[in-house]
Amino acid sequence: MSPTSSPQQTAATAIAPGRLFISGAWHDSTDGARMDVISPATGSKITDVAKATTTDVDAAVAAAREAFDGGQWSGLSPRERGRILLKVHDLMRERVEDLAQAESQNVGKPIMLARVVDVNNAAETFEYYATLGEQLDGAVRQTPGNTHAVVRREPVGVVAAITPFNFPLILSSSKIAPALLAGNTIVHKPASDTPLSALLMAEILRDAGVPDGVYNVITGAGSELGDHLVTHPDVNKIAFTGSTDIGAHVAELASRHLRPVTAELGGNAANIVFADANLDQAVGAIIQAFVFNTGQFCMAGPRLLVERPLYDQLLAILQEAVPGVPMGDITDPDTVIGPLASRDQLAKVSQLVTESVAAGGRVITGGAAVEGEGFYYQPTVIADVANDNPAVVNEVFGPVLTVQAFDTEDEAVALANSVPQGLAAGIQTSNLARAHRVSARLEAGIVWVNGWALMDPAVPFGGVKVSGWGRENGPEGLANYYRSKSVVFNLQE
Ligand code: NAD
């Protein structure tokens, strides 16, 4: 059922006000300012958190610097740090309900999604990196004559982790876990609208035995704190996930200081469906690709490309199936689609659909915001779009699917690669040779064959083109957080 008026929400679990976490203790901001945290499901206040100033950023960076230089964390062996990461995993499992409630209420995620995707994947990320200590072993190199060369893998120092609103827990964990395993200390600035799970993680990391000052959290406005954090002389590395515009700005600032940046930025993936696809499986992948996390997924597949013989049949199937995806009360375990995460996000999605229709798109289903409280938008399918349609060229970041037809494999690849982004892509086909051939030609950091959003902490993801620099997850994600140092010994006495 696709409601035209928003659902009655069940009473939510109360969430305590938040403060800044610096050097193992809770602090108010230096000027005492607070900011409200809003429920996307109701539009009303959940709680409030401290609104940090740049002086608070200085204090958090100083704490991280002191902890790094003191060696109480970097001086542990990778195995000892891994043991603490395993404890973090265990505590996350024990506190699954606290974390899921925070993530669900703050981001507007259906509670079941918060439990089985967000908390589960984030906990698995700590478990996975806990076992990767040997990746930090370095090497001995064969050198000529009486010399002996050792290549050490050393932590980079103080990491500024800046994360977006849509998957706060997962995208924080894919930075915190490898950064900690490698021996770094962290200042984390979660998204202004969705800071709650980072504050819970501060408690969990402390309780697991991460020393004071190793993980610090500052909550506040990115526009006010971000530049100061990125250019702070005591920060050694920036791990950024967010929009392409802010990511480019961050990379530009950091490059002036020759500071390494990983930048996981916006996506706009194509999902290519060939006429030989298993239709049931393909329909599942198509719907998952654009409604998962209410479409607020950097690796969403909002651009559906369909081989022409299947086009009309697939549109008819989507017209019937999409309104049946359960949307509504985020506390109901059966709900699949929740609200968008903020009033701004709702306004952006509404605007883009209006522009898409004005440019010739034909709405097959949906096409409007849901009346009533909260920031709900109907899951929407727009057919017959030209390749310069506004909903094709821009990242919509909502439950909106555009549909285009193609005639040949070459045309499908050209359409898929025609946008500036290159984060993810999908191929639905029963022809294995075609899947190999096409996946090699797609400009994307990850390609799914016969499915969508198949994620695991061991599998790296990241962008090409304007979707960013670097990879997270897997050993590739750990490599962001160490650098090599060669030590060459003269063995001649
Ligand atoms: P955003 O760019 O608006 O914000 C991201 C973070 O940057 C937030 O913490 C924000 O407070 C902070 N920020 C704002 N101004 C800053 C500045 N001047 N300096 C430093 N930091 C600043 O992104 P968002 O709206 O929170 O997230 C949605 C975007 O993130 C989408 O484009 C989505 O595709 C992208 N994203 C990418 C990935 C990926 O892995 N590639 C994952 C999730 C989201």
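Start at 1 and go down the list; that is how both ligands and their atoms are numbered.
Atom 12 (C) of ligand 1 has as its closest protein heavy atom Ile162 CG2, 3.7 Å. Scanning the protein heavy atoms around atom 8 (C) of ligand 1, the nearest turns out to be Thr163 O, 3.3 Å. Closest to atom 2 (O) of ligand 1 among all protein heavy atoms lies Ser243 OG, 2.6 Å. In this structure, atom 11 (O) of ligand 1 lies nearest to the protein heavy atom Lys189 NZ, 3.0 Å. Of the protein's non-hydrogen atoms, Gly242 C, 3.0 Å is the one closest to atom 30 (O) of ligand 1. Counting only heavy atoms of the protein, atom 28 (C) of ligand 1 lies nearest to Phe397 CE2, 3.6 Å. The protein heavy atom nearest to atom 41 (N) of ligand 1 is Leu265 O, 2.7 Å.
Judged by the shortest distance from any of its heavy atoms, Phe240 lies inside the 4.0 Å radius around the atoms of ligand 1. The closest approach between a heavy atom of Phe167 and any atom of ligand 1 is not below 4.0 Å. Heavy atoms of Pro190 approach ligand 1 to within less than 4.0 angstrom. The shortest separation from a heavy atom of Gly463 to ligand 1 is not under 4.0 Å, leaving the residue out of contact. For the pair Gly468 and ligand 1, no heavy-atom separation below 4.0 Å is found.
Residues Glu224 and Thr54 have side chains not in contact (no heavy-atom distance under 4.5 Å, counting atoms from C-beta outward).
Checking Ser174, Gly222, Ala161 against atom 17 (C) of ligand 1, the nearest heavy atom belongs to Gly222. Of the options Leu253, Thr231, Asp227, Asn166, the smallest heavy-atom separation from atom 18 (N) of ligand 1 is shown by Asp227.
Of all atoms in ligand 1, listed by their number and element, those nearer than 4.0 Å to a heavy atom of Ser192 are 11 (O). Against a heavy-atom cut-off of under 4.0 Å, Leu423 is close to the following atoms of ligand 1: 41 (N).
In Cys298, the parts holding a heavy atom less than 4.0 Å from any atom of ligand 1 are both the side chain and the backbone. Using a 4.0 Å cut-off between heavy atoms, Glu395 contacts ligand 1 through its side chain alone, with no backbone atom that close. In Ile246, the part holding a heavy atom less than 4.0 Å from any atom of ligand 1 is the side chain. Contacts between Ala221 and ligand 1 below 4.0 angstrom, taking non-hydrogen atoms only, are absent altogether. Contacts with ligand 1 closer than 4.0 Å are made by side-chain heavy atoms of His249 only, the backbone lying farther away.
Electrostatic pairing of Asp48 and Lys45 counts as a salt bridge here, judged by a charged N lying under 4.0 Å from a carboxylate O. A salt bridge is absent between Arg471 and Glu264; no separation between the charged side-chain nitrogens and carboxylate oxygens falls under 4.0 Å. Looking at Asp69 and Arg65, a side-chain N of the basic residue comes within less than 4.0 Å of a carboxylate O on the acidic one, giving a salt bridge.
The nearest pair of heavy atoms linking Phe68 to Gly183 is CE1-O, 3.5 Å.
Taking a 6.0 Å sphere around CD of Glu66, one finds it holds 12 or fewer heavy atoms contributed by other residues, nucleotides or ligands. Under a cut-off of 6.0 angstrom, the local environment of CZ in Arg343 is sparse, with at most 12 non-hydrogen atoms contributed by other residues, nucleotides or ligands.
Between Phe165 and ligand 1, at least one N/O pair is under 3.5 Å apart.
There is no protein heavy atom less than 4.0 angstrom from atom 4 (O) of ligand 1.
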